[in-house]
Amino acid sequence: MAAVPGVRTVGAATARSPRGHASVAGTHQFGSAMKSVRPVSRRMIPDPATWPSTVVGGPETAVLACGAGLLGTGALWIALRSVGATDERATRLYALAALIPAIALASYVAMATGVGVVAVPIGGRGPVELRWARYADWLFTTPLLLLVLGVLVDADRDALFGAVAADAFMIATGLVATLSTVPVYRYVWWAVSTLTFLLVLYFVFVVLTAEARALGTETASAFVVFRTLTGVLWTAYPVWWLLGPRGLAAVTPVVETAGFVLLDVATKAGIGLLLLRSRAVGDGTATTKSDGRPVATE
Ligand code: RET
């Protein structure tokens with residue numbers, strides 16, 4: 001397997017230069033060692049001769065920087081708009097809604113500056129780059145998004161905990177799928193992750209919907225919008241992964257990154273904007289559920 005300069009290679013033997021020096025994972029190789037690198041599919045990764053400048057400074061960096069800008073603006077916008085909220089539940093929701101794009105901003109800045117790039121050799125295709133900061137972002141932000149929905153409908157804590165655990169398992173097994181070097185393993189792990197995703201959807205569409213109904217018609221109809229946004233946008237992630245370089249390779253790495261940027265901005269900023277506009281948040285009217293149980297205030 002050819003070594004990709006400047007990129008830590010996962011699942012392959014350490015590459016050696018003609019002089020027998022092992023290449024140090026995560027460092028850049030220049031000069032004569034560069035010439036010894038066997039070219040790999042240009043469709044999958046940039047030309048090794050230009051690798052350092054394409055990992056940081058190429059079109060993917062521009063896409064990631066745009067994502068960082070949009071997410072940073074979103075976080076700031078939500079934070080500023082939420083100043084002055086008097087309702088305790090609304091304050092809590094806005095804080096979560098601003099924290100989610102803020103976490104993603106950190107991940108995007110890391111990715112745009114070349115942190116955590118690894119090359120995963122994929123059977124028969126050569127190395128495909130992976131930026132694991134994306135998974136670190138999702139590991140925190142997807143449970144927080146579920147928490148927003150849970151707070152919105154005052155969900156049962158145990159059910160919420162179960163959904164968050166399933167969600168974390170989904171992201172972890174998605175990362176295993178992404179890191180697997182054998183094609184069939186990638187699809188098996190993708191399927192495991194997707195099955196867990198169905199559990200998360202069940203939680204949103206069945207459990208939380210029932211809780212929203214118990215809060216009355218206004219919250220129930222507002223929740224329909226939140227759950228539709230979640231259902232449609234979240235489902236696009238596994239589909240996009242499948243079309244990407246780690247699946248059917250129908251799209252190039254840069255296009256895959258651009259798609260994930262759009263989805264991340266839409267889910268993270270989208271939920272924040274919906275919260276700011278929703279009358280079901282913080283109007284202070286929902287103090288009891290329709291079954292008489294009080295809405296939690298702390
Ligand atoms: C992967 C690939 C493996 C199969 C599945 C996936 C699901 C990812 C999801 C990500 C959601 C991210 C969100 C980010 C918000 O900012 C890991 C892509 C099922 C659902 C909502």
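For ligands, and for the atoms within them, numbers begin at 1 and follow the listed sequence. Note that the structure is a prediction, hence the values are computed from the model and not measured. Counting from 1, the numbers follow the sequence of the chain as shown.
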**Study point:** Between Asp264 and Tyr237: side-chain donor-acceptor atoms closer than 3.5 Å
**Key:** yes

Practice item. May I ask you to check whether Trp132 and Thr178 show a side-chain donor-acceptor distance below 3.5 Å? Key: no

Quick one: which ligand 1 atoms are inside 4.0 Å of a heavy atom on [X]?
X	value
Trp190	3 (C), 4 (C)
Gly174	3 (C), 17 (C)
Thr142	11 (C), 12 (C), 13 (C), 14 (C), 21 (C)
Thr194	4 (C), 19 (C)

Nearest-neighbour protein heavy atom for [atom], which is reported as residue plus atom name and distance:
atom	result
atom 4 (C) of ligand 1	Ser193 OG, 3.2 Å
atom 9 (C) of ligand 1	Tyr237 CB, 3.5 Å
atom 7 (C) of ligand 1	Pro238 CD, 3.9 Å
atom 15 (C) of ligand 1	Thr267 OG1, 3.2 Å

Point to revise | Pairwise distance CG(Leu175) to CE(Met170) - rounded to 0.5 angstrom | key: 12.5 Å

Practice item. Taking atom CH2 of Trp240 as the centre, report whether more than 12 heavy atoms of other residues, nucleotides or ligands fall under 6.0 Å from it. Key: yes

Check your understanding: Any nitrogen or oxygen of Lys268, main chain or side chain, under 3.5 Å from a nitrogen or oxygen of ligand 1?
Key -> yes

Point to revise | Polar contact flag for Trp138 and ligand 1 (N/O pairs, less than 3.5 Å) | key: no

Practice item. Check whether any side-chain heavy atom of Leu80 sits under 4.5 Å from a side-chain heavy atom of Leu76, and report yes or no. Key: yes

Practice item. Would you mind checking if Asp137 and Lys268 are paired as a salt bridge, meaning a charged N to carboxylate O distance below 4.0 Å? Key: yes

Exercise for review: Kindly indicate whether atom 13 (C) of ligand 1 is approached by any protein heavy atom to under 4.0 angstrom.
Suggested key: yes

**Study point:** side chain to side chain donor-acceptor pair (under 3.5 Å) assessment of Arg227 paired with Thr209
**Key:** CA-CA 8 Å; Arg227 103 181 162 187; Thr209 300; 3.1 Å; yes

**Study point:** Leu145 contact mode with ligand 1 (heavy-atom cut-off under 4.0 Å)
**Key:** side chain

Point to revise | Working for side chain to side chain donor-acceptor pair (under 3.5 Å), residues Trp190 and Thr173 | key: CA-CA 7 Å; Trp190 178 89; Thr173 48; over 6 Å; no

